[in-house]
Protein chains: 2
Amino acid sequence: MSLRHAMLGLLARGPASGYDLLKLFEISLANVWPATQSQVYAELGRLADADLVKVAAEGPRGRKEYAITDDGVAELRHWLTDVEPNRVGRSDMLLRVFFLDSVDHGQAREYLERQAVVAARSHQSLLGLRDVVAGSDPLETYGRIALEYGLRLTSMQREWAEWAAGEIDRQPGT
Amino acid sequence: MSLRHAMLGLLARGPASGYDLLKLFEISLANVWPATQSQVYAELGRLADADLVKVAAEGPRGRKEYAITDDGVAELRHWLTDVEPNRVGRSDMLLRVFFLDSVDHGQAREYLERQAVVAARSHQSLLGLRDVVAGSDPLETYGRIALEYGLRLTSMQREWAEWAAGEIDRQPGT
DNA sequence: CCGAACATGTAAGCAGTTACATGATTCC
DNA sequence: GGAATCATGTAACTGCTTACATGTTCGG
């Protein structure tokens with residue numbers, strides 16, 4: 001139930017509407033925990049039912065501004081410190097690697113080279129993001145730490161894919 | 001629909017029953033694309049309906065051995081070469097990092113140090129796996145490449161988490 | 001003979017995606 | 001006046017998890 005906690009985490013920084021939360025998911029959480037509009041509104045309802053958030057104000061166009069409650073803060077802290085992150089990562093990029101022996105060496109190499117390019121591109125786009133956010137951090141230490149993870153991950157992926165593409169030619173067969 | 005393709009990929013190596021596939025998921029795909037018993041049997045039914053696999057033999061205890069069909073091989077190759085891997089990774093470990101400003105510095109540092117230990121542990125377990133599989137590879141080039149990904153990932157995670165834990169003390173606040 | 005391993009299936013429920021549906025306000 | 005943006009909600013469907021349910025064969 002991480003969507004729930006992502007929303008609590010965002011609301012811990014200040015009140016927001018469903019619409020606001022959606023924007024925050026798109027700009028800052030897109031690469032970590034994407035969420036759709038329909039999910040956000042539905043979960044806000046459940047959070048309110050559970051008294052982890054409450055409607056703090058209503059605005060024009062039916063806008064409902066939600067604020068986190070004390071129970072919500074407690075739940076967020078509990079999740080942060082007591083619940084083990086789950087380590088099962090599904091990667092359909094890596095899954096394909098397992099089955100690359102079903103195509104010929106040329107296609108396998110192409111696949112890996114393409115992944116190297118994609119990783120390099122992601123890396124560049126994260127570098128761009130870093131420059132945009134550059135000055136703004138008094139509280140943003142943790143945002144920077146998460147961004148650094150992305151930079152290191154995409155570097156690693158690029159290097160690995162290039163190495164792997166090279167390995168293929170060292171093998172006998174098609 | 002990657003479960004479907006994971007199953008086709010495994011069946012491309014030779015016929016297997018649902019039970020066999022389940023074992024293969026547990027031993028070789030557990031860290032890349034986990035699957036449960038109930039998923040595997042249900043998907044085998046759908047694959048057979050779509051003529052991507054067929055029952056090739058029946059054995060004792062109701063055992064049904066499935067073999068991939070030509071259509072199945074075509075579908076697998078199509079997925080390998082024409083379908084872009086989806087790049088949205090959900091990480092509940094990284095999601096927590098964004099919200100670590102909701103707890104004090106000590107708890108945040110503890111969290112990151114714990115992640116460093118977990119990563120180191122995973123790394124060790126992959127090294128163990130590498131030794132087990134060591135001699136067996138004529139076909140297993142791609143298994144080794146995937147394993148190398150895991151090794152590089154867990155190294156990166158350990159280094160990052162240690163670096164991040166250090167960063168926290170450089171910040172003002174609680 | 002008994003326990004472990006082999007073997008298959010169904011059902012309920014939760015999480016996530018895509019598509020549908022509607023309406024109000026602001027800015028130009 | 002009209003387009004963009006703000007704003008909320010519902011419905012259908014797919015994929016995954018957990019739990020239930022049952023029966024067979026092999027090895028010691």
Side-chain angles (χ1 to χ4, degrees), chain A residues 1-8 10-11 15-27 29-50 53-66 79 83 85-92 95, chain B residues 1-8 10-11 15-27 29-50 53-66 79 83-84 86-92 95:
Chain A
M1 273 197 316
S2 294
L3 172 69
R4 154 164 300 205
H5 297 103
M7 290 173 62
L8 288 172
L10 291 173
L11 287 171
S17 67
Y19 192 85
D20 295 339
L21 289 176
L22 208 52
K23 290 292 154 64
L24 291 169
F25 272 98
E26 277 162 21
I27 59 175
L29 259 34
N31 297 301
V32 175
W33 204 274
T36 60
Q37 186 252 36
S38 96
Q39 253 183 309
V40 168
Y41 286 109
E43 188 64 34
L44 271 175
R46 280 178 233 124
L47 283 166
D49 286 347
V53 306
K54 62 171 197 289
V55 178
E58 307 207 15
R61 287 172 284 205
R63 176 187 174 89
K64 285 187 273 183
E65 205 161 68
Y66 290 86
W79 175 74
V83 182
N86 85 345
R87 208 141 342 289
V88 268
R90 283 191 161 83
S91 165
D92 96 334
L95 181 61
Chain B
M1 273 196 317
S2 294
L3 171 68
R4 154 163 301 205
H5 297 103
M7 289 173 63
L8 288 173
L10 291 172
L11 287 171
S17 67
Y19 192 85
D20 294 339
L21 289 175
L22 208 52
K23 290 292 153 65
L24 292 169
F25 272 99
E26 276 161 21
I27 60 176
L29 259 33
N31 298 302
V32 174
W33 204 274
T36 60
Q37 185 253 34
S38 95
Q39 251 182 310
V40 168
Y41 285 109
E43 189 62 34
L44 271 175
R46 280 177 233 126
L47 283 166
D49 287 347
V53 306
K54 61 171 197 288
V55 178
E58 306 206 16
R61 287 171 284 205
R63 176 186 174 92
K64 284 187 272 184
E65 204 161 68
Y66 290 87
W79 175 73
V83 182
E84 278 303 299
N86 85 349
R87 207 141 345 289
V88 269
R90 283 193 162 81
S91 165
D92 98 332
L95 182 60

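We name chains A, B, ... by the order of the sequence lines, and we start the count at 1 in each one.
For the helix from C/dC1-D/dG28 to C/dC28-D/dG1, the end axes, each set by the C1' atoms of five terminal pairs, are bent relative to each other by 20° (nearest 10°).
Counting distance only, with no hydrogens placed and no angle test, the side-chain atoms of A/Ser17 and the base atoms of D/dT8 include no donor-acceptor pair under 3.5 Å.
Using a 4.5 Å heavy-atom threshold, the side chains of A/Arg63 and A/Asp20 count as touching. Using a 4.5 Å heavy-atom threshold, the side chains of B/Val83 and A/Asp92 count as separate. Side-chain atoms of B/Phe25 and B/Leu3, non-hydrogen and from C-beta on, do get closer than 4.5 Å to each other. Put simply, the side chain of A/Val53 reaches to within 4.5 Å of the side chain of A/Leu8, judged on heavy atoms.
Here the CD atom belonging to B/Gln37 is positioned 12.0 Å from the CG atom belonging to B/Leu21, to the nearest 0.5 angstrom.
Which of C/dT17, D/dT18, D/dT24 sits closest to the side chain of B/Arg61 comes down to D/dT24. In this structure, of C/dA7, D/dT8, D/dC6, it is D/dC6 that holds the atom nearest to the side chain of A/Lys23. Looking at the side chain of A/Pro60, the nearest of the listed nucleotides D/dT17, C/dT25, C/dT17 is C/dT25. Closest approach to the A/Arg63 side chain among C/dT8, D/dA7, D/dT18 is made by D/dA7 (side chain taken as heavy atoms from C-beta onward). Of the candidates D/dG9, C/dG9, C/dA5, the closest approach to any side-chain atom of B/Tyr19 belongs to C/dA5. With C/dA7, C/dG9, D/dT5 as the candidates, the nucleotide lying closest to the side chain of B/Asp20 is C/dA7. With distances taken from any side-chain atom of B/Gln37 to the nucleotides D/dA21, C/dT25, C/dA19, the minimum falls on D/dA21. Distance from the side chain of A/Met1 is smallest to C/dA15 among C/dG9, C/dA15, D/dC16.
Heavy-atom distances to DNA chain D give each of B/Pro34 and A/Tyr66 a nearest nucleotide, and the one nearer the 5′ end belongs to A/Tyr66. The residue among B/Ala42 and A/Gly62 whose nearest nucleotide of DNA chain C lies closer to the 5′ end is B/Ala42.
Rounded to a whole Å, the CD atom of B/Gln39 is 17 Å from the P atom of C/dA11. The interatomic distance linking A/Asp92 (CG) with D/dG15 (P) rounds to 13 Å, in whole Å. Nucleotide C/dA7 holds its P atom 13 Å from the CG atom of B/Leu44, rounded to whole Å. The separation between A/Leu21 atom CG and D/dG9 atom C1' is 15 Å, rounded to whole Å. The interatomic distance linking B/Phe25 (CZ) with D/dG15 (P) rounds to 14 Å, in whole Å. Put simply, CZ on A/Arg90 is 16 Å from C1' on C/dT17, counting in whole angstrom units. Straight-line distance from the CD1 atom of B/Ile27 to the P atom of C/dA5: 15 Å, rounded to whole Å. Atom-to-atom, OH of A/Tyr41 to C1' of D/dT10 comes out at 13 Å; the value is rounded to the nearest Å.
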Determine, step by step, whether B/Trp79 and A/Leu95 satisfy the side chain to side chain contact (heavy atoms under 4.5 Å, CB included) criterion, reporting the C-alpha distance in whole Å, the side-chain angles of both residues, the deciding distance to 0.1 Å, and the verdict. CA-CA 11 Å; B/Trp79 175 73; A/Leu95 181 61; 3.9 Å; yes
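The pair A/Glu26-A/Lys23 does not count as a salt bridge, with every side-chain nitrogen at least 4.0 angstrom from each carboxylate oxygen.
A donor-acceptor pair under 3.5 Å links the side-chain atoms of A/Arg87 to the main chain of A/Pro85, judged by distance alone.
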